[in-house]
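Contents: one structure, followed by commentary.
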2 protein chains.
Amino acid sequence: MLIPAVIPFKPRNPKTRLSCILDQAERENFAEMMLADVIGAAEGAGCIPLILSTEAYKFSDYQVLVNTAGLNEALNDLLSKTPGPVLILMADLPLATGDAVKRMVTESAGMSIVPGRGGGTNAIFLSSGESYRVDYYGASFLKHMRIAEERGLLCEVIDSFRLHTDVDEKEDLVELLIHGRGKSRACLEELGFRLLIEKGRVGIVREEKA
Amino acid sequence: MLIPAVIPFKPRNPKTRLSCILDQAERENFAEMMLADVIGAAEGAGCIPLILSTEAYKFSDYQVLVNTAGLNEALNDLLSKTPGPVLILMADLPLATGDAVKRMVTESAGMSIVPGRGGGTNAIFLSSGESYRVDYYGASFLKHMRIAEERGLLCEVIDSFRLHTDVDEKEDLVELLIHGRGKSRACLEELGFRLLIEKGRVGIVREEKA
């Protein structure tokens, strides 16, 4: 069964909390490499990527759907037209692997979810898209669990740090340099980022180009 | 097969990075409740808990081994005398479940590992303890992967956010209040801690007792 994997994406001025270490062009390039890694993981699990973009956007020959409404409105519009299974994957999960995504879509329950660090939601699988509506922002994981309960959906929480690790802040880049295997890690390294171990703590440093 | 689960524990003045919100007695009680949760997860996976304490300590009727040497020395001493399988679990993993620990010990490879956030190591399973030596502190996950390679051990990285989430700082308590099910979560709640959602960010607050 081919399952669409909807990946919301903001091509212009993304990841502003990384502005302290990456300029806008670098953030746009880095976000696109994270998207590439997430697409690779979705395809590795046998899903068909569908990029849900906030504006006109082209990435290789992947299907792009443009919706200028907010994240929740755009996703809920899509879900309401999706009687079959659908996966929603955030675009900032560069540690995602096909194996991790497979664990989400092969659950027999009506729904599976992976929380993000800090109460967010990084991934949702629905055996029927139209049975659900999303409510991102804030403690969305708790909201999503509540909506599942209200709708009588069995919801499995998938225990994956690879899908749990979203990249928003400088500290998150440590995880990518340790555990990443894909294009976004290579992108960071090309930009000069390295792990820095000082006083037993692991951080990152950006080396100037010679 | 009964597998010993070695859980290093520091009963006195633990978790000093939580000093900003918990006094010493509260930290000692909270650390013990986290230990109880980790013991529960180890038992849930069919392992036999063995507390490796930095000083004389009693917790229910669990076996306690006292070793005043450093963490690495104490563990390596133990490993050198363990030809059979052994699990090493940190005591500050209050989201651990029996299911998560089971995934570690049922791996067929010679070794499995769960990284902590920030480059640390939260759990190691060895099919033969004496085949390995640990090297904690700093980017210990990378060191442990290197030691496995040097010793020709196949090492599986187990993809679990429940074992990946260690509690060191205030922000980590958010994860416990969202995902915890055990005694350490109840302990935090009794101490008055609640989730606080402000401007879309999830934090914690401590309510004063009336």
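We name chains A, B, ... by the order of the sequence lines, and we start the count at 1 in each one. Just so it is clear, the values below take in all heavy atoms, side chains as well, and ignore hydrogens, waters and symmetry mates.
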*Can you see which heavy atom on B/Asn13 is nearest to which on B/Arg27, and at what distance?*
OD1-NH1, 2.7 Å
_Electrostatic pair B/Arg117:B/Glu175 at N-O distance under 4.0 angstrom_ = no
_Proximity breakdown for A/Val114 and chain B, heavy-atom pairs closer than 4.5 Å_ = neither
*With side chains defined as the heavy atoms from C-beta onward, is the minimum distance between A/Pro85 and A/Val105 less than 4.5 Å?*
no
_With salt bridge (charged side-chain N to carboxylate O under 4.0 Å, His left out) as the test, pick out the partner of B/Lys15 among B/Asp166, B/Asp23, B/Asp168._
B/Asp168
*Checking A/Leu195 against chain B: side chain, backbone, both or neither under 4.5 Å from a heavy atom?*
side chain
*May I ask you to name which of B/Val174, B/Leu163, B/Ile178 has the most heavy-atom pairs under 4.5 Å with chain A?*
B/Ile178
*Tell me, do B/Pro11 and B/Glu28 make a side-chain contact under 4.5 Å, heavy atoms counted?*
no
*Looking at A/Asp159, A/Ile197, A/Leu177, which has the largest count of heavy-atom pairs under 4.5 Å with chain B?*
A/Asp159
*Does some side-chain heavy atom of B/Val167 sit less than 4.5 Å from a side-chain heavy atom of B/Met34?*
yes
_At a heavy-atom distance under 4.5 Å, which candidate from A/Glu198, A/Lys199, A/Arg201 has the highest pair count against chain B?_
A/Arg201
*Is A/Glu32 close to A/Tyr57 at the side-chain level, that is, under 4.5 Å between some pair of heavy atoms?*
yes
*asked:* Using 0.5 Å steps for rounding, measure from the CD1 atom of B/Ile147 to the CZ atom of B/Arg133.
replied: 4.0 Å
*Can you tell me if CD on A/Glu73 sees more than 12 non-hydrogen neighbours from other groups inside 6.0 Å?*
yes
*asked:* Which residues in residues 137-146 of chain A have any heavy atom closer than 4.5 Å to a heavy atom of chain B?
replied: A/Gly138, A/Ala139, A/Phe141, A/Leu142
_Heavy-atom pairs under 4.5 Å with chain B: which of A/Gly119, A/Ser160, A/Gly203, A/Gly200 has the most?_
A/Ser160
